[in-house]
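Only one structure is covered here, and it is reproduced in the block below.
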Amino acid sequence: GSIEYFRGNGDAAADALLEAMALLEHSDPHGSVAAAADAVLALVRARKPEQAVETARAARSLAPTDGGESDFEATATLGYALCFAGRYTEAEPHLQRAVELLAGRTAIPSLLQAVRLSAALAWLGRYEHARAYMTSLVERARRAGAVGSLPNLLAGSAWQSLHSGHWNE
């Protein structure tokens, strides 16, 4: 599914990722949440916002609300899907919780995870939060020596800096 996503084929990516979500639902709920989160991005690309919200809600129902990785991913994904569907007021508490859950995370998220939260925060006009998030990811990637993650994270950080008025940072 991810290969199809990066090839620009949202429909094929969504189909593959939704199939993965269903296959993993009982044996690996965390894997199912991760597949659902990526499927939401593919559904957004395929211009299917209501199906994206439905998929994000399914992911949220699979993840415990324990502050862990699945909880963060499901929360951020639901906020992202609701934003894309134009339900900003409904999205805001999910995004706020996702931002709060960031404080306890040390792992460097995948590019798709970073995009979900960063874009949703920007849609809500929370450019400073989005910029701070992307800046923190760049700093973590540098400390971890994750040079493969840096190009996309730096691009996202630059975009958020531009939109928050920090042109020279």
Side-chain angles (χ1 to χ4, degrees), residues 1-64 68-88 90-92 94-95 97-99 101-102 105 107-124 126 129-130 133-134 137-138 140-141 144 146-160 163:
S2 294
I3 292 171
E4 289 298 327
Y5 178 83
F6 285 111
R7 287 183 61 213
N9 190 341
D11 287 315
D15 290 345
L17 291 162
L18 289 170
E19 182 179 353
M21 176 189 169
L23 289 171
L24 294 169
E25 186 174 345
H26 299 291
S27 63
D28 182 5
H30 175 73
S32 185
V33 168
D38 288 351
V40 166
L41 280 177
L43 290 163
V44 164
R45 177 172 276 176
R47 293 180 214 93
K48 297 178 179 176
E50 291 308 318
Q51 191 176 359
V53 169
E54 179 183 312
T55 301
R57 288 192 194 284
R60 179 65 272 172
S61 73
L62 291 172
E69 181 67 26
S70 290
D71 186 13
F72 170 77
E73 188 148 37
T75 301
T77 298
L78 182 53
Y80 174 86
L82 289 165
C83 276
F84 198 82
R87 300 182 198 168
Y88 302 113
E90 192 178 349
E92 191 155 6
H94 299 287
L95 294 174
R97 184 161 184 275
V99 169
L101 290 173
L102 280 175
R105 297 187 73 217
I108 299 167
S110 73
L111 174 61
L112 297 180
Q113 289 173 321
V115 165
R116 275 190 289 276
L117 185 57
S118 175
L121 288 169
W123 283 336
L124 290 174
R126 296 174 139 197
H129 276 110
Y133 172 61
M134 293 305 294
L137 293 182
V138 168
R140 281 193 267 167
V147 295
S149 298
L150 281 172
N152 292 315
L153 292 175
L154 285 166
S157 180
W159 191 91
Q160 292 297 358
H163 287 85

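- Interatomic distance, Leu150 CG to Ser157 OG, rounded to the nearest 0.5 Å: 10.5 Å.
- With respect to Lys48 and Asp11, a salt bridge is recorded, a charged nitrogen being found less than 4.0 Å from a carboxylate O.
- Atom CG in Asp38 sits 6.5 Å away from atom CD in Glu73 (nearest 0.5 Å).
- Every pair tested for salt bridge (Lys or Arg N to Asp or Glu O under 4.0 Å) that includes a residue from residues 16-32 fails, sequence neighbours excluded, so the list is empty.
- In the model, His30 has a side-chain atom that pairs as donor or acceptor with a side-chain atom of Ser70 under 3.5 Å.
- The shortest non-hydrogen separation linking Phe84 to Pro49 is CD2-CB, 4.0 Å.
- In terms of heavy-atom proximity, Ala58 sits nearest to Met21 at CB-CE, 3.4 Å.
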Quiz item: Taking it one step at a time, do Ser32 and Leu23 satisfy side chain to side chain contact (heavy atoms under 4.5 Å, CB included)?
Solution: CA-CA 8 Å; Ser32 185; Leu23 289 171; over 6 Å; no
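- Using a 4.5 Å heavy-atom threshold, the side chains of Asp71 and Arg60 count as touching.
- Ser118 pairs with exactly one of Gln160, His129, Arg126 by the side chain to side chain donor-acceptor pair (under 3.5 Å) rule, that one being Gln160.
- Nearest heavy atom pair, residue Ala141 against residue Leu153, reads CB-CD1, 3.9 Å.
- Side-chain atoms of Arg57 and Leu82, non-hydrogen and from C-beta on, do get closer than 4.5 Å to each other.
- A salt bridge between Arg87 and Glu50 is present, with a side-chain N of the basic residue lying under 4.0 Å from a carboxylate O of the acidic one.
- Panel note: side chain Thr77, backbone Ala37; no donor-acceptor pair is recorded below 3.5 Å.
- With hydrogens and angles ignored, the 3.5 Å screen pairs a side-chain donor or acceptor of Thr55 with a backbone N or O of Gln51.
- Within the model, atoms CG of Asn9 and CG of Asp15 stand 8.5 Å from one another, a figure rounded to the nearest 0.5 Å.
- With rounding to the nearest 0.5 Å, the separation of OH in Tyr88 from CG in Leu95 is 11.5 Å.
- Distance CG/Leu78 to NE2/His94: 4.0 Å, rounded to 0.5 Å.
- Minimum interatomic distance between Ala14 and Leu43 (heavy atoms only, all atoms of both residues): CB-CD2, 3.7 Å.
- Shortest non-hydrogen contact noted between Ala56 and Val40 is N-CG2, 3.8 Å.
- A pairwise comparison of heavy atoms in Ser27 and Pro29 identifies C-CD, 3.9 Å as the closest pair.
- Between Tyr80 and Val44, some side-chain heavy-atom pair lies under the 4.5 Å cut-off.
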